[in-house]
Amino acid sequence: MKTNSAARTYRLPIPTSDGEFIACYSGHGLCGLKFPSGAMGRKRAAGVARPPAQVREWHAAARQALKRALTGQAPGSLPPLDLSSGTEFQQCVWRVLRGITPGRTRSYSEVAQAIGRTEAVRAVGGACGANPIPVLVPCHRVLAANQGLGGFSGGLKWKRLLLAREGIELPS
DNA sequence: GATGTCGACGTGG
DNA sequence: CCACGTCGACATC
């Protein structure tokens, strides 16, 4: 049978003043966002077909949302997010993250509490690290309870930067 | 107070 | 089995 083009994922660049992010789209929506990689090969996707209209539409929304998020504002309307790659537990965590408003933070234990698994604090950290759409799913707003910064898959400098943009004063 | 150890939890290697 | 983007409880100085 024909290659199921519906399952194909598209990787499209989002140029920003902070570098070129890469957005990934599945047939169901935005499924990934990557931070700019320092030594970026900016190869135009020469042989790659132009994405379907639906994807281009999502991409336009994502670009605008990311721009706003990078200035510390609420992202506004988002394209549909395809978080199906995550386990049920992870999706619960990510849902909570999306409820944290810009300029506010939670601790890993508070998030654990919010999903009704008070003791799964550490697992929450793991779920945050597995977040496929950083920035728009604000895993950076989760700090350690002891006022520490915690970690960040994309690099702690990004976490610091994003928090600073939202006017959050970092502990020590 | 400042350290050190330990148990609890989900996931991937 | 182990290591994580953790935390709080306890032990010991």
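In what follows, every chain begins at residue 1, and chains take the letters A, B, ... in the order their sequences are listed.
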State whether the number of non-hydrogen atoms from other residues, nucleotides or ligands found under 6.0 Å of [X] atom [atom1] is greater than 12.
X: Gln113(A); atom1: CD; result: no
X: Gln64(A); atom1: CD; result: no
X: Arg104(A); atom1: CZ; result: no
X: Arg98(A); atom1: CZ; result: no

*Do the ring planes of Phe35(A) and Phe21(A) sit parallel (below 30°), tilted (30 to 60°) or perpendicular (above 60°)?*
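Correct class here is tilted.
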
*Would you indicate whether the side-chain heavy atoms of Trp94(A) and Ile133(A) approach each other to under 4.5 Å?*
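No, every pair of side-chain atoms sits at 4.5 Å or beyond.
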
*Do the non-hydrogen side-chain atoms of Pro75(A) and Leu66(A) ever get within less than 4.5 Å of each other?*
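Of all side-chain heavy-atom pairs linking Leu66(A) with Pro75(A), none is under 4.5 Å.
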
Could you give the [atom1]-to-[atom2] distance, from [X] to [N], as a whole number of Å?
X: Trp94(A); N: dG5(C); atom1: CH2; atom2: C1'; answer: 14 Å
X: Ile115(A); N: dA8(B); atom1: CD1; atom2: P; answer: 18 Å
X: Arg106(A); N: dC7(C); atom1: CZ; atom2: P; answer: 13 Å

_Below 4.0 angstrom, which residues in residues 127-139 of chain A have at least one non-hydrogen atom near DNA chain C?_
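Cys128(A), Gly129(A), Cys139(A), in order of number.
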
*Hey, what do you get for NE2 (His140(A)) to CG (Leu161(A)), rounding to the nearest 0.5 Å?*
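His140(A) atom NE2 to Leu161(A) atom CG measures 9.5 Å (nearest 0.5 Å).
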
_Distance in Å, Arg106(A) CZ paired with Thr101(A) OG1, rounded so as to fall on 0.5 Å steps_ =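 That separation rounds to 9.0 Å.
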
*Among the candidates dC9(B), dG8(C), dT6(C), find the nucleotide nearest to the side-chain atoms of Ser109(A).*
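Selected nucleotide: dG8(C).
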
*Counting side-chain heavy atoms from CB outward, which of dC7(C), dG5(C), dC9(B) is closest to Ser107(A)?*
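Out of dC7(C), dG5(C), dC9(B), the nucleotide with an atom closest to Ser107(A)'s side chain is dC7(C).
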
*Asn131(A): which of Pro138(A), Cys139(A), Ser153(A) passes side chain to side chain contact (heavy atoms under 4.5 Å, CB included)*: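 Between Asn131(A) and the candidates, side chain to side chain contact (heavy atoms under 4.5 Å, CB included) is satisfied uniquely by Cys139(A).
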
_Among Leu30(A), Leu136(A), Val55(A), which residue satisfies the side chain to side chain contact (heavy atoms under 4.5 Å, CB included) criterion with Pro79(A)?_
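Only one option passes, and that is Leu30(A).
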
Could you list all N or O pairs between the protein and nucleotides 10-13 of chain B that sit under 3.5 Å apart?
{"from": "dG10(B)", "atom 1": "OP1", "to": "Arg117(A)", "atom 2": "NH2", "distance (Å)": "2.6"}
{"from": "dT11(B)", "atom 1": "OP1", "to": "Thr87(A)", "atom 2": "OG1", "distance (Å)": "2.2"}

*Would you say Asn146(A) reaches dT6(C)'s phosphate, i.e. side-chain N/O to OP1/OP2 under 4.0 Å?*
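Asn146(A) to dT6(C) OP1/OP2: no side-chain N or O under 4.0 Å.
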
*Please state the C1' separation for the pair dG5(C) and dT3(B) - nearest whole angstrom.*
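Taking atom C1' in both dG5(C) and dT3(B), they lie 22 Å apart.
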
*asked:* As a check on the pairing definition, encode DNA chain B in dot-bracket form, counting Watson-Crick and G-U wobble pairs whose two distances are under 3.5 Å, and using | for partners outside this strand.
replied: ||||||||.||||

